[in-house]
There are 2 protein chains.
Amino acid sequence: MGFKKRRVKLEDIARRLNISIATVSRALDENPRVKKSTQEKVFKMAKVMGYMPNQIAKSLSSGKTNIIGVLIPRYDEPFFIEVCRGIDQYARNHNYKILISSSRNSYKFEKENLISFEKGLVDGIILSPTHETENVAHLNDLINKGMPIVLFDNIREEVSGADHVIINDEKASFEAVEFLIKKGNKKIAFIGGIKQKKVFQDRYKGYISALAHHNIPLYDELVLHCNSLDREFEDKEILNFFRGLNISPDAVFACTDNYGLLTMKTLLKIGKKIPDEVAVIGFGDLGPGEIFVPTLTCVSQPSFEMGQKAAELLIKQLNESEDIDHIKTIIKLETKLTEREST
Amino acid sequence: MGFKKRRVKLEDIARRLNISIATVSRALDENPRVKKSTQEKVFKMAKVMGYMPNQIAKSLSSGKTNIIGVLIPRYDEPFFIEVCRGIDQYARNHNYKILISSSRNSYKFEKENLISFEKGLVDGIILSPTHETENVAHLNDLINKGMPIVLFDNIREEVSGADHVIINDEKASFEAVEFLIKKGNKKIAFIGGIKQKKVFQDRYKGYISALAHHNIPLYDELVLHCNSLDREFEDKEILNFFRGLNISPDAVFACTDNYGLLTMKTLLKIGKKIPDEVAVIGFGDLGPGEIFVPTLTCVSQPSFEMGQKAAELLIKQLNESEDIDHIKTIIKLETKLTEREST
DNA sequence: AACAATAATACAAACGTTTGTATTATTTTT
DNA sequence: AAAAATAATACAAACGTTTGTATTATTGTT
């Protein structure tokens, strides 16, 4: 004891069997160029000696790591975790692993992380750019250098060489708000997220156009764009919003599950009955909405599937010939409205 | 266009400057062996040519990847994500990245993932073994091969060479139950998790001994060990439990946040008032308990810190001399009871 | 100006694989 | 039994770094 064993390598097996390294390598690959009986000897010896291939050496030699880099804005958002699960599942089934990083909602960290990915650890990248990403030059650069990239969630259309996986946020919101309208609601509040994010812009557009389409007036007072990046502050922001209202809404369309839950919590706190006095719809549908009392009606977003699709697109890119320009693919997934007790 | 650019490497810089690769390498390292003026030339040229070091080649040469493998039983458990956040933060500050995998609560996948880690991609491993892990030979093997390992959460004391990061589950539970008792409750239900997990065993022990210590009878009927591995089934399991009770509990000690929330939801559904008729305590304290109405009193577990500590222990191991046997360290973190509306 | 001391750089092996080409061994053909 | 065809294996370069040692260039000393 006391000494870490030196790893056994191809050379060790080769020496023990008195054959060349190349033959050992090919034998383990079940390459037909090596005789069946030799192959068996090699396999047996490899097992006896506890051989474990060195992935790093393989990667250097092959130029592939079989690792997908995943960059999300934050960990504590079930949506992103669910997307990661989807990526992970698809990737694993196709012999890829995933390396997850968080940009912590910061452009600076996003760039840093991408640079670390660029150092060759990763064959391709799936990311949701942060809202701070105004300039997408770093992404275009990376793509020009030949790095396959897939964007999801907060996509940036200016990024030309990357595939996109999205949902139709505007349509989904339109339908959700229309649903509220058809239930007879006329003073519908909007709780959005960071304005700079395309998803939230689109959800706002959907809200606006649903109102317009049904000739319902839009009250600016009933619109909140949450700016908090942290769970603890969102809470307060929403409470203050509802406390400060002069118009009393009869429904709320919230742009995330969490906003939906916080809204319900706030409404209950100020003594409103849900759904009798105020109806609430959330967006995302990742579990907690089902636990709350009352349960939360949601726009159900196929998060897991988004991850799978993103991985699928990326792996497809990875298998494309290197000397043909990639043709951008955009996948738009369907949402549906899941009605529960809050409406 | 149409061709991915070949990456520029040290050799390219060397050729352009008419110097040797070794000098370029040392220059970029700011090694004093190279003349200041040369260093500057190299840096400039590296920048001009867009040099990006090849991490894989570095790793092969150095024998270190600066990647920590993290293996958790499931992604959709905020506790594990929070631990990962902690690991990530500490690791990143110490120039390590993390590679997260999920064993999906299966011994088979756990082994598979560990093998993939063993292939040299990872300098060390942090893991929470699944409840299915009866035999820890695979862990001991890995440790004997020299792989640094830190266990957290569902630790296995039989694993001798690995550090542990844990909380005092028994004590935390004892205190939580005692808290309920001191509030005058006498029929306290217990909602536990998978019996095979040490954490749940210990929480159960704490429950038992708190009752015993205060001479409160233990009703087997009031004890549930949830076996569901999936969110959707936990729900039903708990509902059925409460529906089937003959004794009506005046308090519930739930072994996770989620069980606590599901308990509250169920109690509200069957018309109980919380906390007036039934008090509820959860375990973990990772957010959702604060949103629910009423908010959930919890044993607060320092999940993020557990991750940080685990990373700290692992990185310490990684820096230990290779020819000295590692001395097992166990870190026990403190919990505290956070009182909210449910008690 | 010759020599030593030191600074700066170059050379080459190593990390553990893969893979194209060369070589040797075996089988087939005549 | 020799030549040709093919099967099996060995050799060596490559992947992009790092690093110990050898070499060359520069400076200082007398």
Side-chain angles (χ1 to χ4, degrees), chain A residues 4-43 45-46 49-67 118-123 145-146 322, chain B residues 4-43 45-46 49-67 118-123 145-146 322:
Chain A
K4 303 203 177 174
K5 286 151 196 141
R6 204 175 54 76
R7 276 178 83 109
V8 1
K9 47 186 172 174
L10 293 183
E11 195 188 339
D12 300 317
I13 300 178
R15 196 173 349 221
R16 274 282 275 282
L17 292 174
N18 233 311
I19 58 180
S20 74
I21 297 179
T23 301
V24 176
S25 170
R26 290 194 168 98
L28 291 173
D29 254 15
E30 305 188 54
N31 185 314
R33 269 175 64 173
V34 353
K35 205 172 22 173
K36 202 72 196 174
S37 64
T38 310
Q39 193 194 101
E40 282 163 10
K41 271 194 300 183
V42 171
F43 266 93
M45 186 57 78
M49 300 179 73
Y51 172 73
M52 196 58 80
N54 181 321
Q55 189 55 48
I56 297 294
K58 276 191 168 176
S59 295
L60 182 60
S61 184
S62 68
K64 313 231 108 229
T65 61
N66 279 60
I67 299 181
E118 193 188 344
K119 293 189 180 169
L121 242 168
V122 130
D123 293 341
K145 284 187 184 171
E322 301 231 333
Chain B
K4 304 206 175 172
K5 286 149 197 142
R6 203 175 56 75
R7 277 179 84 108
V8 0
K9 46 187 172 174
L10 293 183
E11 195 188 338
D12 300 317
I13 301 178
R15 195 169 353 216
R16 274 282 274 282
L17 292 174
N18 234 309
I19 58 180
S20 75
I21 298 179
T23 301
V24 176
S25 171
R26 290 197 168 97
L28 291 173
D29 253 16
E30 307 188 53
N31 186 314
R33 269 174 64 172
V34 352
K35 204 175 18 175
K36 200 75 195 174
S37 65
T38 311
Q39 192 194 102
E40 283 162 10
K41 272 193 300 181
V42 171
F43 266 94
M45 185 56 79
M49 300 178 74
Y51 172 72
M52 196 58 80
N54 181 322
Q55 189 55 48
I56 296 295
K58 277 191 167 174
S59 295
L60 182 60
S61 184
S62 68
K64 312 231 109 230
T65 61
N66 278 61
I67 299 180
E118 193 187 343
K119 293 188 181 170
L121 244 165
V122 130
D123 293 341
K145 284 186 183 171
E322 301 230 334

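Every heavy atom of this structure was used, including side-chain atoms; hydrogens, water molecules and symmetry mates were not. Each chain gets a letter, A, B and so on, in the order the sequences are listed, and its residues count up from 1.
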Item to check | Bend angle of the helix from C:dA1-D:dT30 to C:dT30-D:dA1, end axes from five pairs each (to 10°) | outcome: 60°
Next on the checklist: Expressed as a whole number of angstroms, how long is the span from A:Leu10:CG to D:dT9:P?
Outcome noted: 16 Å
Checklist outcome for this item: Interatomic distance, CE@A:Met45 vs CG@A:Asp12, rounded to 0.5 Å, equals 11.0 Å
Checklist entry - Could you give the CG-to-C1' distance, from A:Leu60 to D:dA13, as a whole number of Å? => result 13 Å
Next on the checklist: Nearest whole Å is fine: how far is D:dT17 C1' from B:Asn54 CG?
Outcome noted: 8 Å
Checklist entry - Under 3.5 Å, is there a donor-acceptor pair between the side chain of B:Arg7 and the main chain of B:Pro53? => result yes
Next on the checklist: Between B:Asn31 (side chain only) and B:Arg33 (backbone N and O only), is there a donor and an acceptor less than 3.5 Å apart?
Outcome noted: yes
Next on the checklist: Tell me the interatomic distance from A:Lys41, atom NZ, to D:dT9, atom P, rounded to whole angstroms.
Outcome noted: 7 Å
Checklist entry - Which part of the nucleic acid, if any, lies within reach of A:Ile19 when heavy atoms closer than 4.0 Å are counted: base, sugar-phosphate only, or nothing? => result sugar-phosphate
Checklist entry - Between D:dT9 atom P and A:Asn18 atom CG, what is the distance in whole Å? => result 13 Å
Checklist entry - Which comes earlier along DNA chain C counting from the 5' end, the contact point of B:Gln39 or that of A:Ala57, where each point is its nearest nucleotide? => result B:Gln39
Item to check | Interatomic distance where CG belongs to A:Leu17 and C1' belongs to D:dA8 [whole Å] | outcome: 15 Å
Checklist entry - Base, sugar-phosphate, or nothing for A:Asp12, non-hydrogen atoms under 4.0 angstrom? => result nothing
Next on the checklist: With a cut-off of less than 4.0 Å, is there a side-chain N or O of B:Ser20 near OP1 or OP2 of C:dA10?
Outcome noted: yes
Checklist outcome for this item: CG of B:Asn54 to OG of B:Ser61, rounded to nearest 0.5 Å, is 11.0 Å
Next on the checklist: Output the rounded distance in Å from CD1 (B:Ile13) to P (D:dG16).
Outcome noted: 13 Å
Next on the checklist: If I take atom CD1 in residue A:Ile56 and atom P in nucleotide D:dA14, what distance separates them, rounded to the nearest angstrom?
Outcome noted: 23 Å
Next on the checklist: If I take atom OG from residue B:Ser25 and atom NZ from residue B:Lys58, how far apart are they, to the nearest 0.5 angstrom?
Outcome noted: 8.0 Å
Checklist entry - Below 4.0 angstrom, N of the basic side chain to O of the carboxylate: do B:Glu40 and B:Lys36 qualify? => result no
Checklist entry - With a non-hydrogen cut-off below 4.0 angstrom, is A:Ser59 in contact with a base, only sugar-phosphate, or nothing? => result nothing
Checklist entry - OG of B:Ser59 to CG of A:Leu60: how many Å apart, nearest 0.5 Å? => result 9.5 Å
Checklist entry - Is the distance from OP1 or OP2 of C:dG16 to the nearest side-chain N or O of A:Lys9 less than 4.0 Å? => result yes
Checklist entry - Roughly how far, to the nearest 0.5 Å, is the CG atom of B:Leu17 from the OG1 atom of B:Thr23? => result 10.5 Å
Checklist entry - Which of residues 21-37 of chain A sit near DNA chain C, with a heavy atom under 4.0 Å from it? => result A:Ile21, A:Ala22, A:Ser25, A:Arg26, A:Arg33
Checklist entry - Atom CG of B:Asp123 and atom OG of B:Ser62: how far apart are they, to the nearest 0.5 Å? => result 8.0 Å
